[in-house]
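By convention in this document, chain letters (A, B, ...) are assigned in the order of the sequence lines, proteins followed by strands, and residues within each chain are numbered from 1.
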Amino acid sequence: MRSLGIDVGAKRKGLDAVLLDETLIPSETRRHMGVEEVGELIRQVRPDVVAIDSPPAWGRSPGGSRLTEREIRRFGIQSFGTPSDPKKASSVFYDWMRAGFEVFEAAAQEGFARYASGAVAGRAIEVFPHATAVVLAGCLPPSGTAAGRAKREWRRGVLRGEGVATEDLRSSDQVDAALAALTGLYALGGRCFAPGDPLEGVIVLPAATLPPPPYPRCRQAERSDGQDQLVFHGLARCGCGHPDCASSTSREFAPGHDAKRKSLLWGLARSGQDAVDELRRRGWQVPPEMG
DNA sequence: GTAACCCACCAATGATTTCA
DNA sequence: TGAAATCATTGGTGGGTTAC
């Protein structure tokens, strides 16, 4: 079984591809490919499934997102919506989605029709590396991994946890392509779940069933050997300082408690300079009468 | 000098929470 | 109830750093 994962970027960035089989060692990696090279690559590596990190087409349901994206969001997995409104879809922001449509078209020309339901063999499936990583880890990324190196390392750790050799994956795009390929590999073995409306496209996840929503957040801890280790479900005490607050959070404040902190500081600011200093440091307004 | 990489910021959108 | 703020997803871009 061979799965070809493709991470989609707009023209300037290009496509990244990783081929995985049961050995879980990437046997083929490509960087910064053009869409026109996809067909040739598929003919060359002859995968059993093509997993593409992009929607196959614009949405059909009203609003800024598809049913599959709304379903996944219920689990706490954030994603960009695929718009159905042509006006919104014309934004340059969605160039990468348009590139993804072309990749699905190129795959179809090689016999990999767009997946809707049933077995994935011989199909082009839509995947979402972030959702794949969350499902495999069993939790959302630790706080502070929203971007950059931390995000890549967290996902790389998830791949390693599944037994995938990650030494040859040089960029975050290749890590995402590997996650896509791994999703395809699991789906070939029947381990997959694809919520949403098959008519407008479904995102394939590497699990037969999902736990009750939402996913908890992982915590990053330092190991004695200096390497990071995932610690699940860990949360810290909310920093709002309100006496009635018993909330736990992965960030400084529980959602909405920044406003609570601000309100508290306003009260303090009316009688002390320290609170005024903290308000100014955070870029928050001081009480009008002190402005 | 060039390529590769990293980081911060921006864009569109939605969920959540509090305050006014 | 609406406004506001935060946080999360994605890729694009520009500037800085590093390696060859």
Provide, to the nearest angstrom, the distance between the CZ atom belonging to A:F75 and the P atom belonging to B:dT16. 14 Å
Starting from C1' on B:dA15, measure out to OH on A:Y215 and report it in whole angstrom. 18 Å
Rounded to whole Å, please give me the gap between CD1 in A:I6 and P in C:dG11. 14 Å
Less than 4.5 Å apart, side chain to side chain, heavy atoms only: is that true for A:I52 and A:I125? no
Considering only side-chain heavy atoms of A:F80, which listed nucleotide, B:dA11, C:dG11, B:dG14, is closest? B:dA11
Between A:R74 (CZ) and B:dT13 (P), how many Å, whole number? 23 Å
Whole-Å gap separating C1' (C:dT10) and CD1 (A:I203): 12 Å
Starting the side chain at C-beta, find the nucleotide from C:dT9, C:dG11, B:dG14 nearest to A:D7. C:dG11
The criterion is side chain to side chain donor-acceptor pair (under 3.5 Å); which residues satisfy it with A:E40, sequence neighbours excluded? none
Looking only at side-chain N and O atoms, does A:R155 come under 4.0 Å of OP1 or OP2 in C:dT10? yes
Starting from P on B:dC10, measure out to CH2 on A:W96 and report it in whole angstrom. 21 Å
Closer than 4.0 angstrom, basic N to acidic O: yes or no for A:E71 and A:R73? no
A:R156 side-chain N/O to A:T166 backbone N/O, donor-acceptor pair under 3.5 Å: yes
Distance check needed: C:dT9 C1' versus A:E69 CD, whole Å only. 10 Å
What does the inter-axis angle of the helix from B:dG1-C:dC20 to B:dA20-C:dT1 come out as, five pairs per end, nearest 10 degrees? 30°
Could you list the donor-acceptor pairs under 3.5 angstrom formed by side chains in residues 185-197 of chain A, with sequence neighbours left out?
residue : atom : partner : partner atom : Å
A:Y186  : OH   : A:E162  : OE1          : 2.5
A:R191  : NE   : A:P206  : O            : 3.0
A:D197  : OD1  : A:L199  : N            : 2.9

Side-chain contact test, heavy atoms from C-beta onward, threshold under 4.5 Å: evaluate it for A:H130 versus A:R155 and give yes or no. yes
Quick one: does A:V120's side chain get under 4.5 Å of A:D48's, heavy atoms only? no
For atom NE2 of A:H130 and atom P of B:dG14, their distance in whole Å: 17 Å
